[in-house]
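The sequence lines fix the lettering, A, B, ..., with proteins before strands; numbering per chain opens at 1.
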Number of protein chains: 2
Amino acid sequence: MVETSSDTKTPTKSARTRKRILDAAAAEFRQAGYNARLVDIAERAGMQAGSLYYHFASREELVAEILQLGIATAFAQVRRAIEELDGSDIESDPRRRLETAIRAHTMAVLEQSDYASAQAKIVGQVPPDIAEAHKADQRSYGAYWNDLLETAATAGVLRADLDLFAARMLAFGAMNWTTEWFDPSRRLSADQIADTAVMMIMSGLAK
Amino acid sequence: MVETSSDTKTPTKSARTRKRILDAAAAEFRQAGYNARLVDIAERAGMQAGSLYYHFASREELVAEILQLGIATAFAQVRRAIEELDGSDIESDPRRRLETAIRAHTMAVLEQSDYASAQAKIVGQVPPDIAEAHKADQRSYGAYWNDLLETAATAGVLRADLDLFAARMLAFGAMNWTTEWFDPSRRLSADQIADTAVMMIMSGLAK
DNA sequence: GTCTATATGCAGATAGAC
DNA sequence: GTCTATCTGCATATAGAC
């Protein structure tokens, strides 16, 4: 069988370049927000702006792919962390599963992935058509979190009077907004912030 | 004494127009994000784009003023809510003061003010020089919140192991991110969301 | 596949009439 | 003070050489 670009073991040169551009774009969007310029993305990827168009039809296409990969990455990290927690066959305590998800998502956004970071940072700024196309991805990731919350609620772990949608969105806000203020050169590590996020969201600031 | 533009009781026509432009800009930035266009702002204010320049030297100046007014508005609402709570001479329970601040800030962002909303939405997207100039305002509002938290911590109301900076930023994230998902036409009212925010931030989602 | 050079379009900004 | 018309600059996008 001849190797093709869809063979993940041996990506073509073109596929690797494409990946390099996406990496550069994620880093730029994370840092500069939605208005990051193609020239800067190209420079980071080690090429001229015009060359990007061999790999992507438009800036919008690039943005759309960053958003999609951003959610996919966060989703994958969260799912993996929970599967690790669950072990081979038994399902864990629903409260610990939620805590694990919060920690994993926060870490993904803070330091594990420029994609997850960029997604959190620019998702509110993209033009309507891109936002629309992104909704399906958001829904499936949201549904996963909703399951975690529903299960916990059913098990009686959560407050009875809680609106799960509002709770989920508020939690996402706390986690995603860290992209606006986290500074790796400062006192607080990503781990410490993730710990505080778990604590606040699950147990609150009050004693 | 001749009336001047600084006489707040009887603003000049020019001052009123300026205010109309700012209102329009706040509404546009809230809705469209940082990339809201001057033509749309002008249209909302009932004039042509070129006419804006009689009142503002540049788009950046307009943005900077929206940011400043956004924080000032949230600050004012929070302070007023807390002063009301405190009553004339006694200081209230530090926990109730925090809850009051959370509710007031969330309501400011959600429905009381396009300025507070716009500030929360675009603050992470503005170019470096505007962001720099905005830092002083952010610091003074942040200091106010820090006082609320410090007082509560000293009174033994908060978790002992809590990093107050991280806690404050996470709370801001939960509150400010509501601008990304709140939809007045849907099931949840601003009040319900504010209630849930108070509950999550102070007491957590878990029972 | 990437380069250079150039075209296109659009948003911000300016000038001058009214 | 606001209008219309126009200018400018910049970022995206295209064309053709290599």
Side-chain angles (χ1 to χ4, degrees), chain A residues 3-6 10-29 31-67 118 122 125-130, chain B residues 3-7 10-29 31-67 118 122 125-130 133:
Chain A
E3 311 212 324
T4 70
S5 64
S6 64
T10 57
T12 60
K13 176 139 180 279
S14 173
R16 274 184 284 119
T17 304
R18 201 185 141 85
K19 174 69 158 52
R20 213 176 65 235
I21 294 169
L22 286 166
D23 287 350
E28 283 294 320
F29 285 128
Q31 195 207 359
Y34 178 70
N35 287 325
R37 296 173 308 165
L38 291 183
V39 275
D40 294 325
I41 292 169
E43 187 185 15
R44 195 186 277 261
M47 62 176 60
Q48 299 298 310
S51 310
L52 296 173
Y53 288 85
Y54 179 80
H55 303 275
F56 296 90
S58 68
R59 183 185 196 278
E60 295 215 339
E61 190 177 299
L62 187 53
V63 169
E65 197 155 338
I66 293 292
L67 288 182
I122 73 175
Q125 307 285 330
V126 302
D129 52 325
I130 299 185
Chain B
E3 309 212 326
T4 70
S5 64
S6 64
D7 186 333
T10 59
T12 60
K13 175 138 182 279
S14 173
R16 274 184 284 119
T17 305
R18 199 184 142 86
K19 174 68 159 52
R20 213 175 67 235
I21 295 169
L22 285 166
D23 286 350
E28 283 294 320
F29 284 128
Q31 195 207 1
Y34 178 69
N35 288 326
R37 296 173 308 166
L38 290 185
V39 274
D40 294 326
I41 292 169
E43 186 186 15
R44 195 186 277 260
M47 61 176 61
Q48 299 298 311
S51 310
L52 296 173
Y53 288 85
Y54 179 81
H55 303 275
F56 296 91
S58 68
R59 184 184 194 276
E60 296 215 340
E61 190 178 299
L62 186 52
V63 170
E65 197 155 337
I66 293 292
L67 289 182
I122 72 175
Q125 308 284 330
V126 301
D129 51 325
I130 299 186

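Between atom NZ of residue K19(A) and atom OG1 of residue T17(A) there is a gap of 12.0 Å, rounded to the nearest 0.5 Å. Note that the CZ atom of F29(B) and the CG atom of L67(B) stand 8.5 Å from one another [nearest 0.5 Å]. In this structure, CD1 in I130(A) is found 8.0 Å from CZ in R59(A), a value given to the nearest 0.5 Å.
Atom CZ in F56(A) sits about 14 Å away from atom C1' in dG1(C), given to the nearest Å. Here the P atom of nucleotide dT4(C) and the CD atom of Q48(A) are 5 Å apart, to the nearest Å. Between I41(B) atom CD1 and dA13(C) atom P the separation is 11 Å, expressed in whole Å. Atom OH in Y34(B) sits about 9 Å away from atom P in dG12(C), given to the nearest Å. Atom CG in L52(B) sits about 13 Å away from atom P in dT4(D), given to the nearest Å. Taking atom OH of residue Y54(B) and atom C1' of nucleotide dT4(D), one finds them 18 Å apart after rounding to whole Å. At whole-Å resolution of the value, NE2 in H55(B) and C1' in dG1(D) are 6 Å apart.
Checking side-chain atoms of Q125(B) against main-chain N and O of N35(A) turns up no donor-acceptor pair under 3.5 Å.
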Check residues 45-57 of chain B and write down every donor-acceptor pair under 3.5 Å in which the side-chain atom is one partner and the other belongs to a residue at least two apart or another chain.
unit_1: S51(B); atom_1: OG; unit_2: Q48(B); atom_2: O; d: 3.4

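In this structure, D40(A) does not pair ionically with R44(A), as no charged nitrogen and carboxylate oxygen lie closer than 4.0 Å.
Under 4.0 angstrom from either OP1 or OP2 of dT2(C) there lies at least one side-chain N or O belonging to T17(A).
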Base versus backbone protein contacts along nucleotides 11-18 of chain D [heavy-atom cut-off under 4.0 Å; B, S, -]:
SSBB----
